[in-house]
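Presented below is the structure to which this report refers.
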Number of protein chains: 2
Amino acid sequence: MRKQKKGCDVPDATILRLPLYLEKLKLLQAIGVEDVSSRQLAESLDIKASQLRHDFHYFGGFSRPGRPYQVAKLVPALEKIIGIAEPVHSIIVGAGHLGQALANYQNLDVQGFPIKGIFDVNPKLIGLDFRGAVVQDMDEMEAVIDKEAVKIAILTVPAVHAQAVTDRLVAAGIVGIFNFAPMDLKVPANVAVRNERMAVGIMSLSFKVKCILQNSEEKEEAEDL
Amino acid sequence: MRKQKKGCDVPDATILRLPLYLEKLKLLQAIGVEDVSSRQLAESLDIKASQLRHDFHYFGGFSRPGRPYQVAKLVPALEKIIGIAEPVHSIIVGAGHLGQALANYQNLDVQGFPIKGIFDVNPKLIGLDFRGAVVQDMDEMEAVIDKEAVKIAILTVPAVHAQAVTDRLVAAGIVGIFNFAPMDLKVPANVAVRNERMAVGIMSLSFKVKCILQNSEEKEEAEDL
DNA sequence: TCAAAGCTGTTAATTTTTTGACAGGTCGTG
DNA sequence: CACGACCTGTCAAAAAATTAACAGCTTTGA
Ligand SMILES: NC(=O)c1ccc[n+]([C@@H]2O[C@H](COP(=O)([O-])OP(=O)(O)OC[C@H]3O[C@@H](n4cnc5c(N)ncnc54)[C@H](O)[C@@H]3O)[C@@H](O)[C@H]2O)c1
Ligand SMILES: NC(=O)c1ccc[n+]([C@@H]2O[C@H](COP(=O)([O-])OP(=O)(O)OC[C@H]3O[C@@H](n4cnc5c(N)ncnc54)[C@H](O)[C@@H]3O)[C@@H](O)[C@H]2O)c1
């Protein structure tokens with residue numbers, strides 16, 4: 001037996017590019033483009049064509065030899081690879097500011113992650129309706145996960161409660177956690193976690209801003225000579 | 001003259017780890033820890049100590065020879081490197097669901113990014129107060145950027161308007177854009193952009209979820225023999 | 001006072017990722 | 001039909017990132 005199922009032993013860097021390919025391809029599809037070459041697609045994403053082909057090479061033949069990719073074939077192929085050929089049932093845990101914003105974000109649905117429930121401990125929030133999904137008490141969570149075969153939980157509770165909620169999610173059979181709380185979650189090996197750390201994003205931006213400002217100061221000094 | 005100011009020619013991968021180091025160090029500081037070795041710090045972040053030292057090596061001596069790092073020295077050093085030694089004045093453009101969530105997110109302030117203004121075109125939103133910052137009309141934006149020396153804009157407008165708003169921000173002297181709209185912004189070379197793409201995050205999670213599910217199916221089959 | 005145990009900064013080795021190169025296939029056109 | 005312009009899949013080369021190794025310092029305890 002292989003250690004990893006086919007198509008799962010892929011570098012992270014490649015996995016992070018797949019959604020970008022898919023997004024761009026859907027855009028092309030929407031405006032009626034039928035064929036696209038690796039060079040065209042790569043250039044529109046500001047990467048090298050050889051990298052795109054290399055990425056696709058992990059998953060095998062997308063095109064007839066000598067011919068460009070067919071958008072209509074590539075889109076479902078990528079969706080299958082990413083795991084969104086079928087909708088991936090999801091829930092939001094924590095109906096605070098961020099949880100509500102996400103509940104209103106219809107792109108999640110469109111992109112294959114329908115929200116099957118929103119949960120919170122705050123009684124004042126229970127019953128609120130966000131685009132069809134009603135906030136429910138945490139007591140209902142396990143039942144909904146089970147009944148709706150929920151695979152992914154979007155975690156938007158305060159950091160102090162994140163681990164406790166995670167333990168419940170894992171026990172209930174959740175397979176993936178999209179974690180917005182600024183802390184590391186402990187989970188067993190058969191559960192995937194993706195941390196979305198805003199602090200990392202804005203601080204890496206800040207680093208670049210600092211460098212830009214330093215450089216422009218330097219340039220001004222040079223001009224003052 | 002050097003092509004890049006000291007401490008700016010650093011790999012992206014390293015830059016993305018700096019905020020994690022800082023966060024962990026602040027935590028240690030809060031509980032009174034004075035010294036920390038590269039191994040302790042690295043292990044708590046699930047990376048190799050040699051990588052941490054290698055990262056720090058881009059910026060030069062943080063410790064007296066033979067002695068562990070001093071938390072009280074390292075925290076301000078990292079803040080300076082990241083560019084948040086002084087507060088980095090910021091604004092939010094787009095006071096919709098996500099913009100409001102961010103306006104309420106006090107961590108931004110705490111971490112060195114005070115919100116000096118929130119802007120929107122929707123008259124119904126103007127005047128709303130979020131933790132002291134009031135939503136203003138877009139007409140006021142340039143004046144506030146100028147008056148408050150705003151460096152970073154957090155962009156939470158619909159994708160179709162993102163480029164137009166960006167052009168205004170750039171013209172007004174913004175140096176960094178934290179972009180939540182799912183599209184690529186065109187900016188001159190002396191403006192930094194950081195895209196926060198939720199789709200990339202949740203889809204890369206989905207990929208891993210798919211692999212976990214496939215593996216567990218496979219295992220079940222093996223057990224059924 | 002000396003050895004052992006820790007520690008960092010630095011460089012070298014290793015691994016991973018990106019990029020380049022090209023064999024072979026397709027297509028449209030003259 | 002032959003040619004040039006494209007195309008992909010594949011593998012090799014180059015570049016970049018991670019990891020290991022170690023010199024040289026500090027402290028502790030016998
Ligand atoms: N607001 C943002 O823009 C933002 C951005 C990045 C990260 N975050 C992180 O996301 C999380 C939520 O942020 P927020 O601004 O929405 O906070 P919030 O306080 O507005 O919302 C948190 C919600 O979680 C609920 N909650 C608390 N304990 C719970 C539990 N045990 N089970 C279920 N629900 C529980 C609360 O009732 C509340 O409604 C925090 O960890 C925060 O650090 C927020
Ligand atoms: N809601 C989410 O959870 C979420 C998550 C990730 C990314 N995003 C992205 O963030 C952006 C905002 O999402 P949202 O859910 O807050 O949408 P929203 O519609 O709730 O808010 C958008 C706001 O932008 C304002 N606006 C429109 N045009 C403007 C302009 N030219 N100048 C200034 N303001 C303008 C609107 O009045 C509105 O208040 C979108 O691009 C969305 O794709 C949202």
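Scope of the values below: all heavy atoms of this structure, side chains included, with no hydrogens, waters or symmetry mates. Convention: sequence-line order gives letters A, B, ...; per-chain numbering from 1.
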Examine D:dG9: is either OP1 or OP2 under 4.0 Å from a nitrogen or oxygen in the side chain of A:His57? Give yes or no.
-> no
Polar atoms only, N or O, under 3.5 Å: list the protein pairs with nucleotides 20-23 of chain C and their distances.
residue : atom : partner : partner atom : Å
C:dG20  : N7   : A:Ser50 : OG           : 3.4
C:dA21  : N6   : A:Arg53 : NH2          : 3.4

When you measure from the side chain of A:Lys210 to the backbone N and O of B:Ile81, does any donor-acceptor pair fall under 3.5 Å?
-> yes
In whole angstrom, give the distance that lies between atom CD of A:Gln70 and atom C1' of C:dT26.
-> 13 Å
Other residues, nucleotides, ligands: >12 heavy atoms within 6.0 Å of A:Glu34 CD | no
Could you check B:Arg67 against B:Tyr58 and say which one's nearest nucleotide on DNA chain D is further toward the 5' end?
-> B:Tyr58
Take the protein atom CG of B:Asp55 and the nucleotide atom P of D:dA17, then report the distance between them rounded to whole Å.
-> 11 Å
Rounded to the nearest angstrom, tell me the gap between atom CD in B:Gln51 and atom P in C:dT14.
-> 18 Å
So which of residues 22-45 of chain A are in contact with DNA chain C, with a heavy-atom cut-off of under 4.0 Å?
-> none
Contacts of A:Phe178 that satisfy ring-ring contact (aromatic ring centres under 6.0 Å, His included) - sequence neighbours left out = A:Phe180
Nearest whole angstrom, please: distance from the C1' of D:dT18 to the CG of A:Asp12.
-> 14 Å
Answer yes or no: does a side-chain N or O of B:Arg17 lie under 4.0 Å from OP1 or OP2 of D:dT18?
-> yes
Which heavy atom in B:Ala149 sits nearest to a heavy atom in B:His89, and how many Å separate them?
-> O-CB, 3.8 Å
Counting side-chain heavy atoms from C-beta on, which of D:dC25, C:dT11, C:dT8 comes nearest to B:Pro65?
-> D:dC25
Look at all strands and tell whether A:Phe56 reaches a base, only sugar-phosphate, or nothing, counting heavy atoms closer than 4.0 Å.
-> nothing
Donor on one side chain, acceptor on other, A:Asn104 and A:Gln100, under 3.5 Å | no
Heavy-atom closest pair, residues A:Val200 and B:Leu20 | CG2-CD2, 3.7 Å
Of B:Ile174, B:Leu108, B:Ile152, which meets side-chain contact (heavy atoms from CB on, under 4.5 Å) against B:Ser90?
-> B:Ile152
For D:dG9, take OP1 and OP2 only and decide whether either is under 4.0 Å from a side-chain N or O of A:Tyr69.
-> yes
State whether the side chain of B:Asn107 and the backbone N or O of B:Gln111 hold a donor-acceptor pair below 3.5 Å, judged by distance alone.
-> no
Specify the separation, in whole Å, of atom CD1 of B:Ile15 and atom P of D:dA17.
-> 10 Å
Stepwise side chain to side chain donor-acceptor pair (under 3.5 Å) check, A:Gln163 with A:Asp167 | CA-CA 6 Å; A:Gln163 185 63 56; A:Asp167 294 343; 2.9 Å; yes
Rounding to a whole Å, what distance do you find between A:Leu52:CG and D:dT8:P?
-> 9 Å
